[in-house]
Amino acid sequence: MRCRSWRLQRDSHMPLHPPGTCRVCWGVCRDEAAPGRRRCASCERSLLHSGSVPIHAALAYEPDASVETLVTLHSMSGDIRVVQPAAQRLGRPVFAEEEMD
């Protein structure tokens, strides 16, 4: 299966248009996705390091999100919209005990 994530293009506009709305700013990635995954490792890494809470929350709710992705989202985000779905899917508490003190 091929990756279908949007990739930022080299000669994109400034300010940047939202993904999928401008062919100058964005192109569809066509790299090979890992078996059972919807995107390639490079695109997944980019999304994980985007800093965007809506993107991270969407990743946490994806039905085929890997355990590694969920662990990363759970551990690196301080936003409940990301932490809660990741924790529930991992079967973990939303916050660690020591964070509650």
Side-chain angles (χ1 to χ4, degrees):
M1 184 168 115
R2 298 275 179 204
C3 178
R4 298 290 181 173
S5 286
W6 293 106
R7 277 207 177 164
L8 187 60
Q9 300 298 301
R10 210 172 295 223
D11 298 323
S12 59
H13 294 119
M14 287 300 157
L16 196 62
H17 294 104
T21 63
C22 175
R23 289 180 186 244
V24 173
C25 292
W26 300 95
V28 176
C29 176
R30 301 244 185 244
D31 290 351
E32 192 67 30
R37 307 296 294 278
R38 69 178 64 207
R39 66 184 55 85
C40 69
S42 177
C43 286
E44 184 156 320
R45 220 175 7 264
S46 293
L47 293 172
L48 282 172
H49 296 288
S50 69
S52 169
V53 170
I55 288 174
H56 291 168
L59 287 173
Y61 280 106
E62 282 187 348
D64 61 346
S66 69
V67 171
E68 295 85 15
T69 295
L70 294 171
V71 167
T72 300
L73 291 169
H74 183 257
S75 63
M76 76 179 213
S77 182
D79 194 294
I80 192 69
R81 295 170 291 177
V82 177
V83 174
Q84 186 173 23
Q88 287 175 339
R89 304 235 0 247
L90 290 166
R92 295 182 177 178
V94 174
F95 296 106
E97 299 267 337
E98 61 271 8
E99 293 176 17
M100 304 294 273
D101 295 334

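In this text the structure is predicted, and so the values were computed from the model without any measurement. Below, all heavy atoms of this structure are taken into account, side chains as well, without hydrogens, waters or symmetry copies.
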Spatial distance of atom [atom1] ([X]) from atom [atom2] ([Y]) [nearest 0.5 Å]:
X: Cys25; Y: Arg23; atom1: SG; atom2: CZ; answer: 13.0 Å
X: Arg30; Y: Ser5; atom1: CZ; atom2: OG; answer: 11.5 Å
X: Ser50; Y: Ile55; atom1: OG; atom2: CD1; answer: 4.0 Å
X: Asp79; Y: Leu73; atom1: CG; atom2: CG; answer: 11.0 Å

Item to check | Thr69 versus Ser66, side-chain donor and acceptor atoms under 3.5 Å | outcome: yes
Item to check | Worked verdict on His49 versus Thr72 for side chain to side chain contact (heavy atoms under 4.5 Å, CB included) | outcome: CA-CA 10 Å; His49 296 288; Thr72 300; 5.8 Å; no
Grab the two heavy atoms, one from [X] and one from [Y], that are nearest each other, plus how far apart they are.
X: Ala60; Y: Pro85; value: CB-CG, 3.8 Å
X: Arg81; Y: Tyr61; value: O-CE1, 4.5 Å
X: Arg89; Y: Ala65; value: NH1-CB, 3.9 Å

Item to check | Lys/Arg N to Asp/Glu carboxylate O, Arg38 vs Glu44, below 4.0 Å | outcome: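 Between Glu44 and Arg38 there is no salt bridge, as every charged N stays at least 4.0 Å from the carboxylate O atoms.
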Checklist entry - Quick one: do Arg37 and Glu62 make a salt bridge, cutoff under 4.0 Å? => result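 Looking at Glu62 together with Arg37, the answer is no, because their closest N to O distance does not fall below 4.0 Å.
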Item to check | Cluster overlap Val83 with Val71, hydrophobic side-chain contacts below 4.5 Å | outcome: no
Look only at the side chain of [X] and the backbone of [Y], and say whether a donor-acceptor pair between them is shorter than 3.5 Å.
X: His56; Y: Leu48; answer: yes
X: Ser77; Y: His74; answer: no
X: His17; Y: Val24; answer: no

Checklist entry - Would you say the side chain of Cys29 lies within less than 4.5 Å of the side chain of Arg4, judging by non-hydrogen atoms? => result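 Counting from C-beta outward, Arg4 and Cys29 never come under 4.5 Å.
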Next on the checklist: Contact between Gln88 and Leu70 at the side-chain level, heavy atoms closer than 4.5 Å - yes or no?
Outcome noted: no
Next on the checklist: Which residues pass the side-chain contact (heavy atoms from CB on, under 4.5 Å) test with Asp11, not counting sequence neighbours?
Outcome noted: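 Partners of Asp11 by the side-chain contact (heavy atoms from CB on, under 4.5 Å) criterion come out as none, since no residue qualifies.
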Checklist entry - Can you list the residues that meet the side-chain contact (heavy atoms from CB on, under 4.5 Å) rule with Ser42, with sequence neighbours excluded? => result Arg7, Cys40, Arg45
Item to check | Members besides Leu16 in its Ile/Leu/Val/Met/Phe/Trp/Tyr cluster (side-chain heavy atoms under 4.5 Å) | outcome: Trp6, Leu8, Trp26, Val28
